[in-house]
Amino acid sequence: MTPHDPHAIVEIGSEVFDSWEHSQLFDSLNIELTTNQASQAEWRIVDPDFKRLDGWTAAGGGIAELPVKVRIGFGASLGAPVFTGVIGRVEWGGGLTTLRAYDAGFKMRKVQKTEYHKGTALQIIAKLARRNGLQFEGPDPAVKLDNLKSAKQEGDTDWAYALGLAEESGFVLFVRGTTLYAKEAAKTAASPVLTLTYQDDFVLLDEFDLVFSVPENQEGRPSRVETRARNQTGRRLKGQSGQHQRGTEVLIVKRDLRVRSKQTADRRAEARKALQREHAFDCHVTILPTFRGKFPDVRETVALARLGKLFTGKYLIDRAGYRFAAGELSGNLDLYADIK
């Protein structure tokens with residue numbers, strides 16, 4: 001094998017499967033990285049006699065929830081895992097066993113609970129993460145939030161409840177490795193992690209893979225958001241986000257939310273404008289098999305070149321997918337950008 005050959009390594013429990021050493025075993029390997037959802041890896045294995053599947057079957061029946069790590073790249077040195085998770089589903093058909101692994105937040109999605117919590121939204125999310133065996137990392141710099149004296153988790157999984165808290169407070173949730181992250185809306189970085197040139201590094205498959213929507217005509221593109229809420233004594237509060245020159249004039253969100261201060265009401269408005277918006281630019285690119293270097297993740301910035309004046313520029317990754325099969329490695333990136 002050469003430094004230019006595609007390469008994949010899948011670790012399941014204590015077993016290590018190398019696409020170079022076990023090429024007859026690998027049918028395909030797909031990885032999907034997302035936010036606010038479960039990232040996952042799907043590995044299809046040639047297994048006509050159920051031998052591999054039998055090895056992962058638990059003693060009492062079912063499939064053991066074994067840890068999974070996936071490394072992909074070119075050459076012998078693959079670096080850190082692109083995906084880390086746990087086996088959550090198994091399928092068999094046509095002589096192929098399909099293992100589907102979900103990110104380490106899988107444990108947070110398994111059990112529905114009813115209980116009360118105290119603390120800020122981030123403190124509660126951190127507590128839910130730790131009790132499911134995850135580390136936690138919040139926004140940097142830190143954000144000041146109201147203390148909740150009696151927040152009720154009513155028949156929700158830890159993940160669903162944490163996601164609701166995050167969305168109300170203006171954060172995006174995602175799991176990488178064994179860490180749950182709660183971060184504010186991503187912003188385009190000054191330096192992209194990767195520059196991709198059209199027809200050299202990526203291709204466009206469909207006629208409408210490049211889309212620009214005039215912001216003034218988008219309902220989800222407000223220039224300013226105003227929220228209406230109540231404080232602890234029942235007095236009405238108005239929160240207001242920052243102002244953009246382009247977009248609809250005002251979007252008023254009428255919710256009878258109890259907040260402690262105008263600062264919190266303002267934050268809810270800013271979060272709505274930042275998280276629940278349509279983007280001016282949407283783009284889907286397929287990275288060619290000749291691509292080399294770092295495999296970018298969601299929320300990272302990439303630059304697209306040779307796409308004319310309108311579409312050339314920096315984009316944020318909304319979803320990243322990678323596929324390994326038959327000695328070929330490619331990727332699909334869903335990108336977006338906002339107009340200034």
Side-chain angles (χ1 to χ4, degrees), residues 6-47 52-53 55-58 62-74 77-110 132-135 159 173-181 284 286-287 289 291 293-300 317-334:
H7 190 192
I9 293 178
V10 179
E11 299 179 28
I12 301 179
S14 60
E15 297 181 285
V16 179
F17 301 93
D18 190 309
S19 66
W20 288 359
E21 298 179 11
H22 310 93
S23 58
Q24 74 285 355
L25 189 64
F26 280 68
D27 178 75
S28 64
L29 175 64
N30 294 282
I31 300 167
E32 185 175 32
L33 305 176
T34 64
T35 60
N36 284 344
Q37 301 177 23
S39 295
Q40 57 185 285
E42 179 190 86
W43 187 30
R44 289 191 174 184
I45 308 162
V46 178
D47 190 23
R52 293 296 176 185
L53 184 55
W56 296 314
T57 301
I63 291 295
E65 292 183 1
L66 296 171
V68 176
K69 292 182 180 179
V70 180
R71 293 177 171 85
I72 55 173
F74 297 89
S77 180
L78 297 184
V82 176
F83 173 87
T84 299
V86 60
I87 293 178
R89 177 171 175 168
V90 175
E91 304 164 1
W92 189 93
L96 298 176
T97 288
T98 301
L99 291 179
R100 192 181 301 275
Y102 301 99
D103 65 40
F106 178 66
K107 293 181 180 179
M108 296 182 67
R109 298 175 171 91
K110 294 178 62 176
N132 287 277
L134 297 175
Q135 301 174 40
W159 176 265
L173 284 189
F174 56 100
V175 176
R176 292 294 180 270
T178 57
T179 300
L180 173 65
Y181 294 89
H284 176 83
T286 297
I287 300 173
F291 167 75
K294 181 184 183 298
F295 288 84
D297 200 348
V298 296
R299 294 172 55 85
E300 292 187 323
I317 301 175
D318 185 53
R319 185 182 297 264
Y322 299 104
R323 175 177 173 80
F324 175 92
E328 179 180 302
L329 182 57
S330 61
N332 291 299
L333 304 178
D334 290 345

Spacing of CD belonging to Glu11 relative to CG belonging to Asp18, to within rounding of 0.5 Å:
10.5 Å
With side-chain contact (heavy atoms from CB on, under 4.5 Å) as the test, pick out the partner of Leu33 among Arg319, Arg176, Arg299, Gln40.
Arg176
Taking the side chain as everything from C-beta on, heavy atoms only, tell me whether Ile9 gets closer than 4.5 Å to Val70.
no
Just verifying a value: how many Å separate Ile31 CD1 and Phe83 CZ, rounded to the nearest 0.5 Å?
8.0 Å
One should read off an interatomic distance between Gln135 CD and Thr179 OG1, to the nearest 0.5 angstrom, of 4.0 Å
How far apart are the C-alpha atoms of Phe324 and His7, what are their side-chain angles, what is the distance that settles it, and do they pass the side-chain contact (heavy atoms from CB on, under 4.5 Å) test?
CA-CA 8 Å; Phe324 175 92; His7 190 192; 5.6 Å; no
Carboxylate-amine/guanidinium contact Lys110 Glu65, below 4.0 Å:
yes
Is there a side-chain contact between Ser39 and Thr34, using heavy atoms and a 4.5 Å cut-off?
yes
Check whether any side-chain heavy atom of Pro296 lies under 4.5 Å from a side-chain heavy atom of Ile317, and answer yes or no.
yes
Are any of the side-chain nitrogens in Glu328 or Arg323 under 4.0 Å away from the carboxylate oxygens of its partner?
no
Is any side-chain heavy atom of Val175 closer than 4.5 Å to a side-chain heavy atom of Trp159?
yes
So, does Trp20 use its side chain to make a donor-acceptor pair with the main chain of Pro6 at under 3.5 Å?
yes
Kindly state whether the ring of Trp43 and the ring of Phe17 have centres lying under 6.0 angstrom apart.
yes
Note, Leu173 side chain near Tyr181 side chain (heavy atom, < 4.5 Å)
no
side-chain contact (heavy atoms from CB on, under 4.5 Å), that's the test. Do Tyr322 and Asn30 meet it? Break it down for me.
CA-CA 6 Å; Tyr322 299 104; Asn30 294 282; over 6 Å; no
Non-hydrogen side-chain atoms of Leu134 and Met108 separated by less than 4.5 Å
yes
With side chains defined as the heavy atoms from C-beta onward, is the minimum distance between Leu78 and Ile72 less than 4.5 Å?
no
Tell me which one of Asp103, Leu99, Ile87 satisfies side-chain contact (heavy atoms from CB on, under 4.5 Å) with Val68.
Ile87
Starting at CD1 of Ile45, measure out to OG of Ser28 and round the result to the nearest 0.5 Å.
10.0 Å
Criterion side-chain contact (heavy atoms from CB on, under 4.5 Å) against Thr97, the qualifying member of Val90, Asp27, Leu25:
Val90
Start with the C-alpha gap between Asp318 and Val298, add the side-chain angles, then the distance that decides, and say whether side-chain contact (heavy atoms from CB on, under 4.5 Å) holds.
CA-CA 5 Å; Asp318 185 53; Val298 296; over 6 Å; no
Below 4.5 Å, heavy atoms only, C-beta onward: do Thr98 and Glu42 meet side chain to side chain?
yes
Between CG on residue Leu53 and CG on residue Leu96, distance to nearest 0.5 Å
12.0 Å
What verdict does the side-chain contact (heavy atoms from CB on, under 4.5 Å) test give for Leu66 and Val86, after you've listed the backbone C-alpha separation in whole Å, the side-chain angles of each residue and the deciding distance to 0.1 Å?
CA-CA 6 Å; Leu66 296 171; Val86 60; 5.9 Å; no
Can you see which heavy atom on Gly73 is nearest to which on Leu329, and at what distance?
O-CD2, 3.5 Å
Return the CD to CZ distance between Glu91 and Arg44, rounded to the nearest 0.5 Å.
7.5 Å
Determine the minimum heavy-atom distance between Gly177 and Thr84, stating which atoms define it.
CA-CB, 3.8 Å
